[in-house]
Amino acid sequence: CYWFGGYVGGNPFASFWLELFGDDNVDGCGFDIDCKYCAANANSSGSPADLLGSGGTSASSGLVTMTSSPVPLNQNGIFFHGANQGQVPFGCSFLCVLGNQQRGTVTNTGGTGSSSYTYDNSDAKHSLGAFVGATRNFQHWFRDPMNSANCGGQTFNTSNAVSGTIAP
């Protein structure tokens, strides 16, 4: 508490206090890969696939995991990331990740209605080390043949997208 002026009846003439608050939410989305953008259309599960990033953004930790759900059961998919954001019609939904796209290994949803992929540094295509300091945008592409009647014959769909800046 600071005061200035003189004493009037033994009390400070005027006073004020200062409170400082910090915010680690520099880009509006925090430091985790949690900044969602781009709409996704409903897939054959009846809902749009929602993509979640977890494990932070540290490339060296090898713990950056993407999870997409709900997605059709027992279908293959690919998680991928790129430099730019967009929203271009693609299959039964939208391509939200554009420019310098890098894809992961094919995943299968199995019977859970959920699919996950971890960028685990096991080899160059699984590492995010080359993108330290860059903002990367992530999305999930998956087969969805049961929804083709609702999508003009298209047999694949995509999730929404998330972005985050890759840390060392």
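Once rounded to the nearest 0.5 Å, the distance linking CD of Gln75 with CZ of Phe142 reads 9.5 Å. A distance of 11.0 Å separates CD of Gln101 from CD1 of Ile78, quoted to the nearest 0.5 Å. Between atom CG of residue Asn100 and atom CG of residue Leu98 there is a gap of 11.5 Å, rounded to the nearest 0.5 Å. The structure places OG of Ser115 at 10.0 Å from CG of Leu51, a figure rounded to the nearest 0.5 Å. With rounding to the nearest 0.5 Å, the separation of OH in Tyr117 from OG in Ser68 is 15.0 Å. Rounding to the nearest 0.5 angstrom, the gap separating the NE2 atom in His81 from the CE atom in Met66 is 9.0 Å.
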Does the pair Trp141 and Phe80 meet the rule for a ring-ring contact (aromatic ring centres under 6.0 Å, His included), with working shown? CA-CA 8 Å; Trp141 172 96; Phe80 61 100; 8.7 Å; no
side-chain contact (heavy atoms from CB on, under 4.5 Å) between Leu128 and Arg136, intermediate numbers included: CA-CA 9 Å; Leu128 296 173; Arg136 297 301 283 179; 5.6 Å; no
Check against side-chain contact (heavy atoms from CB on, under 4.5 Å), Leu95 and Gln139: CA-CA 8 Å; Leu95 180 61; Gln139 192 171 16; 4.0 Å; yes
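No continuous path of ILVMFWY side-chain contacts below 4.5 Å connects Val106 to Val71, so the two sit in separate hydrophobic clusters. Hydrophobic clustering (ILVMFWY, side-chain heavy atoms < 4.5 Å, transitive): Tyr119 and Ile166 are in one cluster. In the hydrophobic cluster analysis, where Ile, Leu, Val, Met, Phe, Trp and Tyr join through side-chain heavy atoms closer than 4.5 angstrom, Phe90 is grouped together with Tyr37.
Considering every non-hydrogen atom in both Gly55 and Ser61, the closest pair reads O-OG, 4.4 Å. Nearest heavy-atom pair, Gln85 versus Ser163, reported as atom, atom and distance to 0.1 Å: NE2-OG, 3.6 Å. Between Ser93 and Asn157, the shortest heavy-atom contact is CB-OD1, 3.0 Å. Across all their heavy atoms, Val64 and Ser58 have their closest contact at CG2-O, 3.8 Å. Nearest heavy-atom pair across Pro168 and Ser60 is O-OG, 3.4 Å. The two atoms that bring Cys38 and Gly86 nearest to each other are SG-O, 3.7 Å, heavy atoms only.
Here the side chain of Asn43 pairs a donor or acceptor atom with the backbone of Ser47 at under 3.5 angstrom. Between the side chain of Asn147 and the main chain of Ala42, a donor-acceptor pair closer than 3.5 Å is present. No donor-acceptor pair under 3.5 Å is formed between the side chain of Ser44 and the backbone N or O of Pro72. At distances below 3.5 Å, at least one donor-acceptor pair connects side-chain atoms of Thr109 with backbone N or O atoms of Asn74. With hydrogens and angles disregarded, a donor-acceptor distance shorter than 3.5 Å links the side chain of Thr158 to the backbone of Phe94. With hydrogens and angles ignored, the 3.5 Å screen pairs no side-chain donor or acceptor of Ser159 with any backbone N or O of Ala49.
With Ser116 as the fixed residue, the side chain to side chain donor-acceptor pair (under 3.5 Å) test singles out one of Thr65, Thr67, Thr107: Thr67. Here the rule is side chain to side chain contact (heavy atoms under 4.5 Å, CB included) with Phe138, and of Val162, Leu52, Val97 only Val162 fits it.
Between the side chains of Asn160 and Asp50, at least one donor N or O sits under 3.5 Å from an acceptor N or O. A donor-acceptor contact closer than 3.5 angstrom links the side chains of Ser122 and Asp120.
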